[in-house]
> 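Pasting a structure here, questions to come.
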Number of protein chains: 2
Amino acid sequence: MGGAVTSLEGIIQSGGRRYRTATEYVEATLKQAILSGALLPGTPLRQEELATRFEMSRMPIREALRQLEAQGLVDFEPHRGAIVVEITLADADDNFAIRSALEPQALRLSLPHLGADDFALADEVIAEIDGETDPARMGELNRRFHMTLYAAAGLPRLLALTEQHLVAADRYLRFHLATDGDMGQAEHRALVAACRSGDETEAVAVLGRHLARAKAGLTGFFAARAAT
Amino acid sequence: MGGAVTSLEGIIQSGGRRYRTATEYVEATLKQAILSGALLPGTPLRQEELATRFEMSRMPIREALRQLEAQGLVDFEPHRGAIVVEITLADADDNFAIRSALEPQALRLSLPHLGADDFALADEVIAEIDGETDPARMGELNRRFHMTLYAAAGLPRLLALTEQHLVAADRYLRFHLATDGDMGQAEHRALVAACRSGDETEAVAVLGRHLARAKAGLTGFFAARAAT
DNA sequence: TGCCTGTCGATTGGATCCAATCTAACAATC
DNA sequence: GATTGTTAGATTGGATCCAATCGACAGGCA
């Protein structure tokens with residue numbers, strides 16, 4: 001490990017940050033577009049159209065769509081093409097049931113390995129959320145907050161699955177900015193406090209309430225939408 | 001709905017059972033092969049070779065591999081190809097952590113909607129397991145048993161995710177037939193009993209023990225393998 | 001009128017071809 | 001002798017082309 005080489009770190013990193021293949025690029029871009037709401041639910045994704053937009057052939061598009069299908073972000077019907085998955089109450093319920101199972105588990109496994117640095121980072125994110133008004137950015141920060149507390153679990157698949165469903169939930173929320181605009185900051189603070197004192201039972205309980213509250217808000221939104 | 005058409009049911013069904021696209025067929029076949037252990041962990045999956053074996057071009061193979069990648073069944077490295085995912089202790093731990101979160105949740109949500117039919121079906125499957133010696137078939141039956149108790153949850157994504165990880169766990173088990181050969185039938189019976197009496201707390205507790213036992217067995221297997 | 005049928009355009013699925021990248025073996029240099 | 005540079009073969013990524021399927025619409029028939 002020579003000292004002179006360390007200066008290359010940043011360059012290598014940013015080089016590695018670039019996409020190694022067109023399919024990767026398309027997948028990441030479409031994923032972002034779907035989750036951010038830029039592509040509305042139900043939007044048909046025509047391969048030819050995407051190909052011209054991305055300035056490449058249909059092939060990388062096809063492979064990217066296949067991967068998004070496996071991730072549950074698009075619905076694929078043979079010979080009929082792909083559409084952005086719809087947002088329904090049933091899906092939201094489903095998502096919350098999964099999150100309510102995964103997140104407490106991740107928290108339990110992570111809690112014993114959390115240190116002062118992690119709590120400080122969590123506090124920082126909470127503060128950032130306080131100062132933020134852009135809903136898209138708030139969703140991103142909310143996700144970062146949760147994942148910060150789970151990260152020490154050290155189980156990559158559990159964490160990836162958890163984050164995936166957190167991101168999906170964020171997508172639901174993005175379509176009902178209606179709520180008070182508060183992401184449950186009181187609960188966020190209570191959660192960090194419980195974690196700091198190492199109280200697993202309390203932490204899991206707070207997290208459970210936090211998720212239940214988010215679910216209630218979303219259910220209310222769907223009820224309101226159905227009523228109009 | 002003419003009566004003469006009903007005789008076609010079987011044919012239509014088996015026709016519908018057939019794959020609508022080559023990619024679907026390849027995906028299902030490879031999935032089965034990987035999970036059943038026919039394709040050993042670490043096996044490189046060369047597109048050209050698979051193409052000749054399946055008697056088609058590389059294209060459906062490529063798309064199928066991409067989907068398997070998204071499902072976590074193969075590892076994909078750009079320009080280097082796909083290999084069957086390795087089986088490691090870390091992965092097994094990860095898998096059990098996920099199952100331990102999802103399955104109790106599925107059971108809790110399903111329990112209130114379970115009826116006598118479901119319990120009878122569960123009993124049947126238990127009996128079948130008793131009379132079975134083929135480990136592959138036992139894994140399949142074990143999966144059926146668990147999913148029977150969860151099915152009434154009525155949340156498709158939660159159930160699909162649960163089943164996916166059950167199947168993956170089965171793959172781990174297939175490589176250590178070493179264990180007593182008993183899939184925890186005593187716990188299976190206790191689980192059904194608890195469900196019958198509607199005792200959620202007890203049912204979830206039994207399920208937790210069941211999963212912990214399976215995990216302990218698998219951990220022991222890895223320890224033994226590392227020691228050799 | 002209402003339903004079935006067949007044809008046409010649009011779109012996706014699959015095959016073939018070429019380019020880019022990786023792996024491994026070998027030669028050259030220090 | 002070890003390391004680096006080079007080159008050839010294998011393998012995957014991407015482009016282009018053809019075939020199969022779907023949806024809509026028009027026309028025939030009871």
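Naming: A, B, ... by sequence-line order, numbering from 1 per chain.
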> Does a side-chain N or O from B:Q47 land closer than 4.0 Å to OP1 or OP2 of D:dG13, or not?
yes

> For the pair made of CD1 in B:I83 and P in C:dT23, what is the distance, rounded to whole Å?
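Distance, rounded to whole Å: 12 Å.
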
> Please give, in whole Å, the distance from C:dA15 P to B:E48 CD?
12 Å

> Is any side-chain heavy atom of B:L149 less than 4.5 Å from a side-chain heavy atom of B:L114?
yes

> Determine the minimum heavy-atom distance between B:A82 and B:V74, stating which atoms define it.
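Looks like CB-CG2, 4.3 Å.
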
> Decide yes or no, distance alone: a donor-acceptor N/O pair under 3.5 angstrom between the base of D:dG14 and the side-chain of B:R62.
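Side chain to base: pair present.
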
> May I have the distance from B:R20 (atom CZ) to C:dG14 (atom P), rounded to whole angstrom?
12 Å

> Tell me which nucleotide among C:dT21, C:dT23, D:dG14 gets nearest to the side chain of A:M59.
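Closest nucleotide to the A:M59 side chain: D:dG14.
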
> Between C:dT12, C:dT23, D:dG14, which nucleotide has the shortest distance from any of its atoms to the side chain of A:T23?
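Out of C:dT12, C:dT23, D:dG14, the nucleotide with an atom closest to A:T23's side chain is D:dG14.
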
> Of all of residues 49-57 of chain B, which get a heavy atom below 4.0 angstrom from DNA chain C, listed by number?
B:M56, B:S57

> Could you give the CD-to-P distance, from A:E77 to D:dG23, as a whole number of Å?
9 Å

> Taking the side chain as C-beta and beyond, is there a heavy-atom pair between B:F145 and B:L166 under 4.5 Å?
no

> What's the verdict on side-chain hydrogen bond (donor to acceptor under 3.5 Å, both in side chains) for A:D118 and A:H113, showing C-alpha distance, side-chain angles and the deciding distance?
CA-CA 10 Å; A:D118 301 306; A:H113 308 110; over 6 Å; no

> Can you tell me if B:T21 touches the phosphate of C:dT12, counting only side-chain N or O atoms and a distance under 4.0 Å to OP1 or OP2?
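False: B:T21 side-chain N/O out of range (4.0 Å or more) of C:dT12 OP1/OP2.
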
> Using side-chain heavy atoms (C-beta onward) and a distance below 4.5 Å, is A:Q67 in contact with A:Q71?
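Yes, close enough: below the 4.5 Å cut-off.
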
> Rounded to the Å, how far apart are A:Y25 OH and D:dG14 C1'?
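One finds 16 Å between C1' of D:dG14 and OH of A:Y25, rounded.
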
> For the residue pair A:Y25 and A:M56, what are the closest heavy atoms and their distance?
CD2-CE, 4.4 Å

> Atom CZ of B:R80 and atom C1' of C:dA20: how far apart are they, to the nearest Å?
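One finds 16 Å between C1' of C:dA20 and CZ of B:R80, rounded.
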
> When you measure from the side chain of A:D75 to the backbone N and O of A:V85, does any donor-acceptor pair fall under 3.5 Å?
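No, because the side chain of A:D75 does not come within donor-acceptor range (under 3.5 Å) of the backbone of A:V85.
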
> Round to a whole Å and report the spacing from CD of A:E24 to P of D:dG14.
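Computing the A:E24:CD to D:dG14:P distance gives 9 Å.
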
> Rounded to the Å, how far apart are B:F76 CZ and C:dC22 P?
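Rounding to the nearest Å, CZ of B:F76 and P of C:dC22 are 14 Å apart.
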
> Is it the case that D:dG14 (base atoms only) and A:R58 (side chain only) share a donor and an acceptor within less than 3.5 Å, ignoring hydrogens and angles?
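Under the 3.5 Å cut-off, the side chain and the base do not form any donor-acceptor pair.
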
